Amino acid sequence: MSVADHQPQHESLHRDLGERHIRLMALGACIGVGLFLGSAKAIQMAGPAIMLSYIIGGLAILVIMRALGEMAVHNPVAGSFSRYAQDYLGPLAGFLTGWNYWFLWLVTCVAEITAVAIYMGVWFPEVPRWIWALAALISMGGVNLIAVRAFGEFEFWFALIKIVTIVAMVVAGTGMIVFGFGNDGIATGISNLWEHGGFMPNGVQGVLMSLQMVMFAYLGVEMIGLTAGEAKNPQKTIPQAIGSVFWRILLFYVGALFVILSIYPWNEIGSQGSPFVMTFESLGIKTAAGIINFVVITAALSSCNGGIFSTGRMLYSLAQQGQAPRAFAVTSNGVPRRALLVSGVALLLGVLANYLVPEKVFVWVTSIATFGAIWTWAMILLAQLKFRRSLTPAEQGKLQYRMWLFPLSSYLAMAFLVLVVGLMAYFPDTRVALYVGPAFLALLVVLYKVFNLAPAKAMEPVGDAA
């Protein structure tokens, strides 16, 4: 029995997220500010071979999401991977995974709110940035507090804006490559992919260096698992959303980068702003900078919207498990409003801290997000391995959604995550994440032991939620 069962005013989450909401969330979760503005730095590291980095990372994410989907379809609950870590790896693993993910998204949301303020400053330079940051927080917090359907609708349209922009860029860029659109009718071809130092100009080391940035760009895809507790038909929608993740990555990341790298020499990208702006301006679209600025603002708002959703649901789940104050296990109209409000207050402090502390300190704090993403994915894989072992052969045969090539695929994905951590340790710029991340987890362990945060009673058995 969960802690929430003792709450007289407790009401379960509403299953109001439809198939189109979860499909577009799955698409939008992979597409953040990094693709529009941050891709230039990754290209400088690996050159055209950055496409390999995204494909390799995408395969690892596909396995991780398949592992999460197997558990989410069998037992669709709020809290998702935190709950599965609790059930299959023990209460400490669930506690660490839940609170780590909650803090990870707080940090990410602070960065996204700040991004909104910076990009709005392009149009309204006279308005203090903190006003836009506060407006973004209040608006997205308000959307989440209304109802889960309101969150789903906003996320649907935010994702659609990003997707339409990328598809338009890929189609227009392909016209330039094949037919010479925007280039006086002279087809650019794809020779830029190998003419400037080769396809892999910085060697294997360049590809390895870019892997850390590529994997951080994928942070957010696991949010699909958090929707399982509020999906109308999780047995259908979750597998469909997860099953197409890899093809979306190919289209939106690899497709967009293929077009950009074919049109422009890789070593010139980044010197003139966003590669997307450069491509649209080449096609004669004079307002390209304004269009991309709008898209980037929606991408940042989308990430903030999803982050507030994630922190609220994770805190709600932790409270249900007895690992957060019981008051947060309460919902109103199917929305965990207390959990959302406390996350909003924490974000308000984060915005304030972003202006008060030196920039270097903030960069150190965001490194927790990088480490936290890898921790979350590793816990998903470990929980899925234990989940499979907990089933009899007959039960395994009845699974509605299964991991491919189990257990080999799970072990290979885990080995890949270990490689990424090793790379973070090797390169000085990212080594700080391995100081801050484990230190934060150690602090959580101390709090867990000091306050005796193991669930007082055993959780209800995990069963098929058909």
Side-chain angles (χ1 to χ4, degrees), residues 57 60-61 64 67-68 79-86 88-111 208-220 222 307 310-311 314-315 317-318 321 323-324 346 350 353-354 357-386 410-411 413-454:
I61 288 294
I64 292 164
L68 178 58
S80 187
F81 35 85
S82 169
R83 171 69 180 272
Y84 305 139
Q86 153 106 3
Y88 302 114
L89 302 175
L92 178 58
F95 175 80
L96 291 177
T97 301
W99 280 108
N100 168 75
Y101 197 71
W102 181 80
F103 189 75
L104 177 159
W105 268 110
L106 282 185
V107 171
T108 304
C109 280
V110 170
L208 292 175
M209 283 179 66
S210 69
L211 280 177
Q212 309 136 55
M213 190 173 295
V214 164
M215 294 310 291
F216 185 65
Y218 288 141
L219 172 61
E222 70 289 327
S310 299
T311 54
M314 191 57 73
L315 193 53
S317 177
L318 286 164
Q321 298 172 46
Q323 297 182 325
N354 187 30
V357 299
E359 185 180 343
K360 190 171 184 180
V361 174
F362 185 70
V363 171
W364 285 5
V365 173
T366 56
S367 67
I368 296 175
T370 312
F371 181 85
I374 293 172
W375 173 273
T376 299
W377 296 331
M379 288 297 104
I380 289 170
L381 291 170
L382 290 173
Q384 188 257 347
L385 287 166
K386 291 294 292 288
S410 298
Y411 287 129
M414 184 65 73
F416 177 77
L417 293 180
V418 171
L419 170 66
V420 175
V421 172
L423 291 169
M424 290 170 69
Y426 180 77
F427 297 109
D429 288 348
T430 51
R431 197 174 296 154
V432 67
L434 299 185
Y435 301 136
V436 180
F440 178 68
L441 290 176
L443 174 62
L444 288 176
V445 171
V446 171
L447 292 173
Y448 178 87
K449 298 293 186 183
V450 169
F451 293 101
N452 191 26
L453 292 172

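Since the model is a prediction, treat every value here as computed from it, not as a measurement.
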Query raised in the report: Nearest heavy-atom pair of Ser410 and Leu385: which atoms, and what distance?
Result: CB-CD2, 3.9 Å
Query raised in the report: Nearest 0.5 Å, what's the CH2-CZ distance between Trp377 and Phe81?
Result: 11.0 Å
Report task. State the CE-OG1 distance between Met314 and Thr376, to the nearest 0.5 angstrom. Result -> 7.5 Å
Query raised in the report: With a 4.5 Å heavy-atom cut-off, do Tyr426 and Leu208 have their side chains touching?
Result: no
Query raised in the report: Does a side-chain heavy-atom distance below 4.5 Å link Tyr448 with Gln323?
Result: yes
Query raised in the report: How long is the gap from CH2 on Trp102 to CG on Leu318, to the nearest 0.5 Å?
Result: 10.0 Å
Requested in this report: Evaluate the side chain to side chain contact (heavy atoms under 4.5 Å, CB included) criterion for residues Thr97 and Gln86: first the C-alpha distance (whole Å), next the side-chain angles of each, then the deciding distance (0.1 Å), finally the verdict.
Outcome: CA-CA 9 Å; Thr97 301; Gln86 153 106 3; over 6 Å; no
**Report entry** Non-hydrogen atoms of Leu381 and Ala67 that approach each other most closely
**Finding:** CD2-CB, 4.1 Å
Report summary line: Shortest non-hydrogen pair, Gly437 vs Phe371, comes out as CA-CD2, 3.5 Å
Query raised in the report: Would you call Thr311 and Leu315 a side-chain contact if the rule is heavy atoms closer than 4.5 Å?
Result: no
Requested in this report: Begin with the C-alpha distance, continue with both residues' side-chain angles, and end with the deciding distance and a verdict on side chain to side chain contact (heavy atoms under 4.5 Å, CB included) for Leu96 and Leu92.
Outcome: CA-CA 6 Å; Leu96 291 177; Leu92 178 58; 4.0 Å; yes
Query - Shortest non-hydrogen contact from Ala93 toward Met379 - result: CB-SD, 4.5 Å
Report task. Grab the two heavy atoms, one from Ala346 and one from Leu106, that are nearest each other, plus how far apart they are. Result -> CB-CD1, 3.8 Å
Report summary line: Hits for side chain to side chain donor-acceptor pair (under 3.5 Å) against Gln212, two or more places apart or cross-chain, chain-then-number order -> Thr430
**Report entry** Gap between atom CH2 of Trp375 and atom CZ of Phe440 - 0.5 Å precision
**Finding:** 11.5 Å
Query raised in the report: Would a 4.5 Å heavy-atom cut-off, applied to side chains only, mark Met424 and Ile374 as touching?
Result: yes
Query raised in the report: About how many Å separate CE of Met414 and CD1 of Ile380, when rounded to the nearest 0.5 Å?
Result: 10.0 Å
Query raised in the report: If you round to the nearest 0.5 Å, how far is CG of Leu447 from CH2 of Trp99?
Result: 9.5 Å
Query - Within-4.5 Å side-chain heavy-atom neighbours: Leu444 and Phe103 - result: no
**Report entry** Sidechain-backbone polar pair: Lys386 side chain, Tyr88 backbone, donor-acceptor under 3.5 Å
**Finding:** yes
**Report entry** Side-chain heavy atoms of Ile64 within contact of Gln384, under 4.5 Å
**Finding:** no
Query - For the student: nearest non-hydrogen atoms of Ser82 and Gly98, plus distance - result: OG-CA, 3.5 Å
